[in-house]
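Chain letters run A, B, ... following the sequence lines, proteins first, then strands; residues in each count from 1. Heavy atoms only: backbone and side chains are in, while hydrogens, waters and symmetry mates are out.
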There are 2 protein chains.
Amino acid sequence: MNASAAVAPVENVTLWERVYAHLREQILSNALSPGTVLSEVPLAVSLGVSRGPVREAIGRLAAEGLVTVRPRRSAIVSTLSQEEFLQAYQVREALETLAIRLAVPNLSDEDLDRIDDIVTRQAEAVERDDIARFFALNSEFHQLFVDQSHNAPLQDMYRQLIGHMGRYLMRSLALRGTVRRSIAEHRAIARACRTRDPERAERLLRNHIRVPQRRLEAANNEEVLLKR
Amino acid sequence: MNASAAVAPVENVTLWERVYAHLREQILSNALSPGTVLSEVPLAVSLGVSRGPVREAIGRLAAEGLVTVRPRRSAIVSTLSQEEFLQAYQVREALETLAIRLAVPNLSDEDLDRIDDIVTRQAEAVERDDIARFFALNSEFHQLFVDQSHNAPLQDMYRQLIGHMGRYLMRSLALRGTVRRSIAEHRAIARACRTRDPERAERLLRNHIRVPQRRLEAANNEEVLLKR
DNA sequence: GGATCGCAAACTGTTGACAACAGACATTTG
DNA sequence: CAAATGTCTGTTGTCAACAGTTTGCGATCC
């Protein structure tokens, strides 16, 4: 018997874990838009389980900040105000710059190739006007550095933060203006990684993240922001 | 009729919230040391409640990372390895430097006085060899900037991170060597705040946080670390 | 004597039920 | 007609019970 012990966790996930994953997916993909009420009973019957697992799942989502529960009242999918979103961007900048600083020394040649590959595919996606694809690759690009930072607490925090921001990132990307500039910045960051220059990479990434941040601030000040 | 409506919301906490607060308190104060098993039934009977609230509370703690649950098996209080603790320190540096940069422009005169007061009381605590008090004031000092950053996502993340690190901070403080130096650094940071110099404050704080971090690394390399 | 198999106990995951509470609607009263 | 009050429904908070699984111990076999 070969020693392929726990390669696939055997689908041994408990019920509430599946409910949690399902709801998280729905929320992050905006299938459940902010403000949606999550009543336990309807959810339970629609998912074919009891209230217990649903309750547990909602509890986890609440701990993560994705839903807010008012005692004795239904939970609702959290809303992030314009201001909070901007604040989250500041935290993201801090976390990602730390991540890339830690990651650059750890990057293997395969990682470097993968980074280039992602950017190349991003350019292709833009050519095809495939915004969703571009968006996914963008997340992948940023996630790579967090993964390669080999810093578990950082990874946890980043996951949580992206959970908060993810639903609104599409908008900020629209605000970003030229995606071409974004790709150029990605290329510059990739070059800095190849030359093993953490400080340059960090500086480039910081400016890169600040672009939509500044646009958000400007929109905020002009009060012509996308209300809602 | 004056509008003194809801000054005190009548202590409307649910049961599981109290259990959660209790367990969190116990864990952070090290009354429940890492590795302790948290079985639902004994906890429930000892607290005089049913398994439901206990389960919910443990779930929240698990989402926060303070306990780890293995499916079908009891939850145990999380352990932070030396390496993870060091990594958490890196994240803390990133978050706190962001916090102080944001906070300095927001600091009122009262805040500045309060900072000085904290440092003064720290010096007094050291005179009296009251380490616990010094430690509490130290947390207060750092927390103040996070609070005054007026950045809700940052506050959430910091709270969570401190929850992880808090139990081990006493040790790192011991590692820190001279607490006198720590107080001097606090004083320097306070001065930078008074002169409204965010960059200087940030630089000072970064170096301040890196002191125990470097000592940890050194101890780690020498392998003479305080094992467990 | 040591290892393996089997059984029993304890614990968790899940379910269903009961009671308390918040909000809405209808009713009554000034 | 408006404001306050009472009822009523829907939902959550909590509890007790059931089923499945893991663990530890003991008996048995080699």
Side-chain angles (χ1 to χ4, degrees), chain A residues 1 5-6 8-24 26-27 32 34-79, chain B residues 1-24 26-27 32 35-78:
Chain A
M1 183 188 302
V10 201
E11 194 79 31
N12 184 15
V13 287
T14 62
L15 256 190
W16 73 260
E17 280 183 80
R18 273 189 281 185
V19 175
Y20 165 78
H22 174 73
L23 287 181
R24 189 169 203 272
Q26 295 278 310
I27 293 176
L32 290 173
T36 306
V37 298
L38 296 178
S39 297
E40 295 178 2
V41 177
L43 272 177
V45 297
S46 83
L47 296 176
V49 298
S50 173
R51 265 183 60 207
V54 172
R55 188 180 176 77
E56 192 117 350
I58 290 181
R60 294 297 182 108
L61 292 171
E64 220 173 324
L66 286 181
V67 308
T68 59
V69 293
R70 292 130 40 208
R72 311 280 176 191
R73 202 117 20 95
S74 291
I76 64 174
V77 179
S78 298
T79 306
Chain B
M1 183 192 301
N2 65 15
S4 68
V7 287
V10 204
E11 190 84 30
N12 184 16
V13 286
T14 63
L15 255 189
W16 74 259
E17 281 183 78
R18 273 188 283 184
V19 176
Y20 165 79
H22 174 73
L23 288 181
R24 189 171 204 271
Q26 296 278 311
I27 292 176
L32 290 173
T36 307
V37 297
L38 296 179
S39 298
E40 296 178 2
V41 178
L43 272 178
V45 295
S46 83
L47 295 176
V49 298
S50 173
R51 269 182 57 207
V54 172
R55 189 178 174 78
E56 192 116 347
I58 290 181
R60 295 296 180 108
L61 292 171
E64 223 174 321
L66 286 181
V67 309
T68 59
V69 294
R70 295 126 48 211
R72 312 278 176 190
R73 206 136 359 117
S74 291
I76 63 174
V77 179
S78 298

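The shortest heavy-atom contact between A:W16 and A:A57 is O-CB, 3.8 Å.
Near DNA chain D, meaning a heavy atom under 4.0 Å from it, residues 48-64 of chain A has A:R51, A:R55 in order of number.
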Protein N or O to nucleotides 8-11 of chain C N or O, pairs below 3.5 Å:
unit_1, atom_1, unit_2, atom_2, d
C:dC11, O3', B:S74, OG, 3.4

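Among residues two or more places apart in sequence or in another chain, the side chain to side chain contact (heavy atoms under 4.5 Å, CB included) test is passed with A:R73 by A:R70. Listed by chain and number, the residues in a side chain to side chain donor-acceptor pair (under 3.5 Å) with A:E64 are A:Y20, A:R24 (sequence neighbours excluded). With sequence neighbours left out, the side chain to side chain contact (heavy atoms under 4.5 Å, CB included) criterion links B:S74 to B:S39. A search for salt bridge (charged side-chain N to carboxylate O under 4.0 Å, His left out) contacts involving A:E40 returns A:R51, A:R55, not counting sequence neighbours. Partners of A:T36 according to the side chain to side chain contact (heavy atoms under 4.5 Å, CB included) rule, which considers only residues two or more places apart in sequence or in another chain, are A:L32, A:S33, A:V77.
Residue A:V67 is tested with A:L61, A:L23, A:I76 for a side chain to side chain contact (heavy atoms under 4.5 Å, CB included); the sole match is A:L61.
Overall bending of the helix from C:dG1-D:dC30 to C:dG30-D:dC1, expressed as the angle between end axes built from five pairs apiece, is 10° (10° steps).
At whole-Å resolution of the value, CG in B:L47 and P in D:dG13 are 19 Å apart. Between the C1' atom of D:dT11 and the CZ atom of A:R70 lies a distance of 12 Å, rounded to the nearest Å. Rounded to an integer number of Å, the gap from A:W16 CH2 to C:dT12 P is 15 Å. The interatomic distance linking A:I76 (CD1) with D:dT11 (P) rounds to 16 Å, in whole Å.
Atoms CG and OG, on B:L15 and B:S50 in that order, are 9.5 Å from each other to the nearest 0.5 Å. Summarising the geometry, atom CG belonging to B:L38 is positioned 10.5 Å from atom CG belonging to B:L66; distances are rounded to the nearest 0.5 Å. The NE2 atom of B:H22 sits 15.5 Å away from the CD atom of B:E17 when rounded to the nearest 0.5 Å.
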